[in-house]
Amino acid sequence: MAQTLIEVRDAVVTGATTASNVCAEYLDRIAAVDGTLHAFNHVMRERALKRAAAIDRSRAGDDPRPLLGVPIAVKDNLCTRGVPTTASSRILEHFVPPYDATAVSRLEAAGAIVLGKTNCDEFAMGSSNENSAFGPVGNPWDPTRSPGGSSGGSAAAVAARLAPGALGSDTGGSIRQPAALCGVVGLKPTYGRVSRYGLLAFASSLDQVGPLTLTVRDAALLLEVVAGPDPFDSTAADAKVPSYTETLDGDLRGVRLGVPAALLEAGVDPEVERVFGATVDAFRAAGATVSDVALPHAHCAIPTYYLIANAEASSNLARYDGVRYTNRAKLDAPSATLMTMYNRTRSEGFGAEVKRRIMLGTYALSAGYYDAYYLKAQQVRTLIRRDYDQVLDNVNAVLLPTSPVPAFTLGEKVDDPLQMYLLDIFTVSANLAGLPAISFPAGFTQGGLPVGAQLVGRAFDEPGILRIADGYERITNWWKKAPVV
Amino acid sequence: MEFEPVIGLEIHAQLLTQTKIFCGCSTSFGAPANTQGCPVCLGLPGALPVLNRAAVELGLRAAVALGCRVESTSIFARKNYFYPDLPKGYQISQYELPLATGGHLTLPDSDIDIGITRIHLEEDAGKSVHEGYLDSDRKTYLDFNRSGVPLIEIVTEPDMRSSADAKAFFVALREILVALAVNDGNMEEGSLRCDANVSIRPDGQSALGVKAEVKNLNSFRFLERALDHEIARQHEVLSSGGRVIQETRLWDAGADRTAAMRSKEEAPDYRYFPEPDLPPLRITEAWVDEVRRSVPELPAATRDRLRAKYGLTRDQAEQVTQIRPGLAPYFEELVEASAPARAAINWTLGELTRKLNDEQTDEVGVIRERISPESLSRLIVLVERGTISGTVAKDVFEKMYVEGESAEAIVERDGLAQIDDANALSGTVREVLSQHADAVEQYRSGKRGALGFLVGQVMKATQGKANPKVVDKLLREAIDG
C-alpha cells in the first residue's frame with residue numbers, strides 16, 4: 001500500500017487508484033482510529049470527498065500538479081475558508097474564517113485535498129498537546145503518552161498513517177518536537193520562507209508554517225509547494241523557491257556537521273543520548289565529519305524565547321475579546337460593564353497556559369520593565385543568532401537531538417510549566433535565529449518509542465539540511481516501522 | 001502673579017488615499033456601516049498588514065512641506081489597549097522611530113515659529129456609535145469602515161503662548177494639508193482632529209508647569225474656547241494655592257467646559273513594542289527628493305506672491321487662496337490670458353465663487369472643464385472694451401457655463417453687443433421720457449437721482465444692451481435741452 005506522500009501522488013497520477021479512493025481510505029482509517037488518538041479537531045469528510053471527485057473528473061492525462069489527489073491534514077491554527085478554525089481554544093470554538101491561509105490555498109492549488117484540522121496545544125502554546133481545550137492527542141506509539149506539541153495532532157496523524165502529510169506551525173519547536181516524539185519528519189523553514197498569512201499568530205517574529213511527513217523527500221516536496229513570497233505577508237521573503245526534491249542525492253561524503261557537546265550535557269535522557277550517539281556514528285560511517293561546536297549563548301535560549309514569544313503573544317491574542325467573532329461570556333446583569341465582559345470572556349475562553357503566557361508577556365512589555373525584559377531578550381537573541389552564524393561558517397549544519405526526552409506520559413509534566421518549558425532547550429534557538437531546522441527519525445528507545453534528531457542549517461539553506469537528512473534516512477529507513485494503532 | 005500659558009498640539013489628519021493603510025479596502029466616508037472591511041482591517045485571526053505606499057507618500061508630502069527631516073528608517077510599533085472599536089486590540093502606529101522629525105511652521109503675518117516635533121504614520125480605529133438606534137440607550141454599535149484608514153499624527157513643540165496662537169497654527173496647518181491634498185480638512189466628519197497639551201507657568205519661569213491634555217477639539221472655535229477655559233481653570237487653581245495635576249480632560253462643547261477624564265495614574269500603559277508583522281520602513285533620498293519636487297507652493301507663499309505681483313489686497317489674496325485650492329491658479333491664468341488683474345480678481349471672487357457655491361463644490365475643475373480661464377478672459381476683455389456691459393457679461397457667463405459656447409459666439413448670436421449709437425437709442429429715450437414725465441419733473445426740480453431711474457428704464461427697454469454712458473448723455477441733452 002502506498003504510504004508516503006509521493007507514493008500516494010504517483011498512484012493517483014499513474015491511475016493505479018483515484019483521488020476519491022485514496023481520500024475515502026484515509027477518511028475510513030481516521031473514522032476507525034481517531035476515536036483513540038484524537039488527532040483531529042474537525043474532519044472535513046464531505047468537503048474532501050467532493051474535492052477528490054472533482055479532481056478525478058477534471059484531471060487531464062498529464063496533470064502536472066505536484067500533490068495531485070494527496071490528502072493533507074492541516075493544523076487547526078491555519079485558516080480554512082468555511083471550515084471551523086479553533087486553534088484548539090474554547091474562545092474560537094465557533095469561528096469559521098472567510099478566507100484560506102496562503103499555505104492552505106497553495107496546497108489546494110497543487111492538487112492536495114485537505115482532510116481535516118488537527119488538534120494542537122491551544123494557540124500553539126505547549127509541548128505536549130495537553131493544552132488543547134478539546135482534550136489531548138494520544139501518541140500512536142502509545143496512546144497513554146503525549147505526541148508532543150504543539151503540532152501533536154499533525155505529527156500523530158502522519159505517524160498513524162491518517163494522512164500522508166500534514167502542515168504544522170513551529171514557534172519554538174512545535175513541528176520538530178512532536179515529529180520526534182511520533183517518529184516522523186518535521187521541518188521548520190527559515191523565517192519568512194513560508195507565508196504566515198492565515199496562520200493564527202502566536203509569536204509573529206518566530207512563527208513558521210512547515211511540513212510533517214513520513215520521509216524527508218516528502219517534506220521537501222510539501223515545502224516546495226507552500227514556500228515562496230506572498231503579497232499578503234510583508235515578512236515573507238522574496239527569495240525564489242528552489243526545487244528541494246532535486247538536491248536529494250543521498251551523498252553524505254564531505255558533509256561537515258557540528259555537535260554542540262556542551263549543550264547536550266544539560267541533561268538528556270540516557271536512551272535519547274544512546275540513540276543520538278548512534279546517529280552521529282552513522283553519519284561518520286557514511287563519510288560525514290562531525291566536530292564539536294560552541295554555542296556559548298545557547299543556555300540563554302529558553303528564557304529569551306519565553307520573554308519574546310510571550311510578549312508578542314500577549315499582543316497577538318488581544319483580538320480575542322468577545323466583541324466580534326470570539327465566544328462571548330454570558331453576562332447575568334444587563335448592567336455589566338465592558339470590563340466585565342472582557343474579563344469574563346477571556347477568563348472563560350482561554351486555558352490556563354494561554355492565560356499564564358499572556359500575563360507573563362504583558363508584564364515583560366510593561367512600562368518600567370520593557371528594557372529589563374523585552375529589550376534585553378532581543379539583545380540576547382542577537383547573540384544567539386551570531387553564535388549560529390559563526391558556527392555555520394564552518395559546518396554545513398548543527399546536529400543535535402530534537403527533544404531531551406522521548407514521549408512522556410500524559411499528565412506527567414502538565415502541572416509543572418517550567419519543566420515543560422525546559423523540553424524546548426534544543427529547538428527554540430532555531431526560531432530565535434530564524435534558521436531552518438529539520439527533525440527526522442533517528443531510532444527507538446528500548447521501550448520502542450521513537451527518537452528524533454535535528455539539523456539546523458544556514459538561512460534559506462533548506463536544500464542543505466534536507467539533503468543531509470535524506471542521506472541519513474536512506475541508510476536507516478526508520479520511517480518504515482509504523483506504530484500499531 | 002501673572003501666568004504664561006504654554007501650549008502644544010497633537011493633530012490627527014486622515015490621509016486622502018483611495019485605500020486603507022494596511023489593506024485594499026476603500027476609505028470613502030459615509031458608506032453604510034461595516035461595508036468597507038476585510039480580514040485585515042477587521043482584525044480577523046491570521047490576517048497581516050501590508051503597508052500602502054500611497055499613505056507613506058502623503059505623509060512624506062506633509063513632512064517635506066513642514067520642513068521636517070525624513071528618517072531613512074522608521075519603525076512601526078504596536079500600541080496595545082482594549083476597546084471595542086479597536087479590532088486587533090492594538091493600533092499600529094510609530095513610536096520610537098517616527099516617519100519624520102524636527103520641522104516648523106511660521107504663523108501667518110507674524111514671526112512666531114512653531115516647532116514640529118514629529119510626524120508619524122498610524123491607522124485609525126473603527127467608530128463606536130452610541131446614538132441613533134432605537135436601542136441606543138442599552139447598546140453601542142460598532143462601525144469598522146474607518147478602521148485602518150491612514151492617519152498622520154503631527155506633534156508640535158510647546159511653542160504656543162495663547163489660544164490665539166494655537167488657533168492660528170491649526171488654521172495654517174489645515175490650509176497646508178488641504179493645499180497638499182494630504183487631508184480634506186473636514187473637521188465635522190472627523191478627518192482632522194486636534195488635542196492640546198496646556199500648562200501655565202509664572203511669568204519669567206523657564207520650567208514648564210504641570211500640563212493637562214485636552215481632547216476632542218474638533219473645530220477652530222472649540223480649540224480656542226477649550227484652551228481659554230483650561231487656562232482660566234489652571235490659573236484659578238494656582239492662584240488659590242492649589243496644584244494642577246497631570247491629567248487628560250475632555251472638552252464638552254455642550255457644557256462649554258473641560259472635564260477630567262483620567263489622571264496620570266490612571267493613564268493606560270500602552271506597552272509599545274516594534275510591530276513584528278512589518279519590516280522597518282526605508283525611505284530613500286531619491287524618494288524624498290521626488291516628493292519635494294512635487295510639493296506645490298504653500299498658501300502663505302502664494303498670498304505673498306499674489307499681493308506683490310498683481311497688487312491684490314490682503315483680503316483678496318486670502319480669499320483666493322483659502323478653501324478652494326484651485327481658485328488662485330485659475331485667477332493667474334486669467335491674467336496670463338490677458339484679463340486685467342483687477343477685473344480678474346473681481347470675477348474670481350465674484351461670479352466664479354458664486355457659481356461654486358451654487359454648485360456646492362470646492363472643485364474649481366467643475367467650472368474649468370466648461371469655461372477655461374482663456375475663454376473667461378475673452379469675456380472679461382469684452383467688458384473692458386465696452387463691447388458689452390457688466391450686467392450682460394454675467395448673463396453671458398451663465399450661458400457659457402450651460403452651453404459651453406465662447407463669449408464672442410453668445411454675444412454675436414444673441415445680439416448682446418452694447419448699443420453705442422445715439423441714433424439707435426434716441427427713439428427709446430424719447431419713449432421713456434414721455435412715459436415717465438413725473439420723473440423728468442423731479443429731475444428738473446433738482447432731484448438728480450431721478451436721472452438714474454430714467455437710465456435704468458432705458459437699459460431695461462434695451463435688455464441691458466444700451467451703453468449707459470451714451471444713455472446718460474442723451475437723457476441730459478433731451479431734458480436740459
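If you're wondering where the values come from, they're calculated on a predicted model, not measured in any experiment. Lettering of chains follows the sequences in order, A, B, ..., and the numbering in each one begins at 1.
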Report task. Please indicate whether A/Phe460 has more than 12 foreign heavy atoms, meaning atoms of other residues, nucleotides or ligands, lying under 6.0 Å from its CZ. Result -> yes
**Report entry** Set of side-chain contact (heavy atoms from CB on, under 4.5 Å) partners for A/Pro84, sequence neighbours left out
**Finding:** A/His42, A/Val96
Report summary line: In terms of heavy-atom contacts, A/Lys355 and A/Phe350 come closest through CE-O, 3.1 Å
Query - Value rounded to 0.5 Å, distance of CD1 in A/Ile72 from CG in A/Leu107 - result: 6.0 Å
Query raised in the report: Looking at A/Val104 and A/Cys79, what are the two nearest heavy atoms and their distance?
Result: CG2-O, 3.8 Å
Query raised in the report: What residue, out of A/Ala364, A/Ala318, A/Ala203, has the most heavy-atom pairs lying under 4.5 Å from chain B?
Result: A/Ala318
Query raised in the report: Do you know which of B/Pro279, B/Pro87, B/Gly89 has the most heavy-atom pairs under 4.5 Å to chain A?
Result: B/Pro87
Query raised in the report: Checking side chain to side chain contact (heavy atoms under 4.5 Å, CB included) for the pair A/Leu78/A/Leu167: CA distance, chi angles, key distance, verdict?
Result: CA-CA 9 Å; A/Leu78 282 157; A/Leu167 289 184; 4.0 Å; yes
Are there any donor-acceptor pairs closer than 3.5 angstrom between chain A and chain B, and if so, which ones?
unit_1	atom_1	unit_2	atom_2	d
A/Tyr99	OH	B/Pro45	O	2.2
A/Tyr99	OH	B/Ala47	N	3.4
A/Arg196	NH1	B/Asp277	OD1	3.2
A/Arg196	NH2	B/Asp277	OD1	2.9
A/Gly198	N	B/Gly46	O	2.7
A/Ser204	OG	B/Asp277	OD1	3.4
A/Ser234	OG	B/Pro49	O	3.1
A/Ser315	OG	B/Arg78	NH1	2.9
A/Ser315	OG	B/Asn80	OD1	2.8
A/Asn316	OD1	B/Arg78	NH1	2.8
A/Asn316	OD1	B/Arg78	NH2	3.1
A/Arg319	N	B/Lys88	O	3.4
A/Arg319	NH1	B/Gly43	O	3.4
A/Arg319	NH1	B/Leu44	O	2.8
A/Arg319	NH2	B/Tyr90	OH	3.1
A/Arg324	NH1	B/Leu42	O	2.5
A/Arg324	NH1	B/Pro87	O	3.3
A/Arg324	NH2	B/Pro87	O	2.6
A/Tyr325	OH	B/Gly43	O	2.7
A/Tyr342	OH	B/Tyr83	N	3.4
A/Ala367	N	B/Asp269	OD2	2.7

Query - side-chain hydrogen bond (donor to acceptor under 3.5 Å, both in side chains) evaluation trace for A/Ser174 with A/Ser151 - result: CA-CA 5 Å; A/Ser174 277; A/Ser151 311; 5.2 Å; no
**Report entry** Side chain / backbone / both / neither for A/Ala367 at chain B, heavy atoms under 4.5 Å
**Finding:** both
Query raised in the report: Between B/Leu9 and B/Ala196, what is the shortest heavy-atom contact and its length?
Result: CD2-CB, 3.6 Å
**Report entry** Heavy-atom side-chain contact between B/Val210 and B/Ile245 under 4.5 Å
**Finding:** no
Query raised in the report: By a 4.5 Å heavy-atom criterion (distance strictly below it), what part of A/Leu200 contacts chain B: side chain, backbone, both, or neither?
Result: both
Query raised in the report: Which bit of B/Leu42 is near chain A, if near means a heavy-atom gap under 4.5 Å: side chain, backbone, both or neither?
Result: backbone
Report task. Go through the atoms of A/Leu375 and report whether side chain, backbone, both or neither lie under 4.5 Å from a heavy atom of chain B. Result -> neither
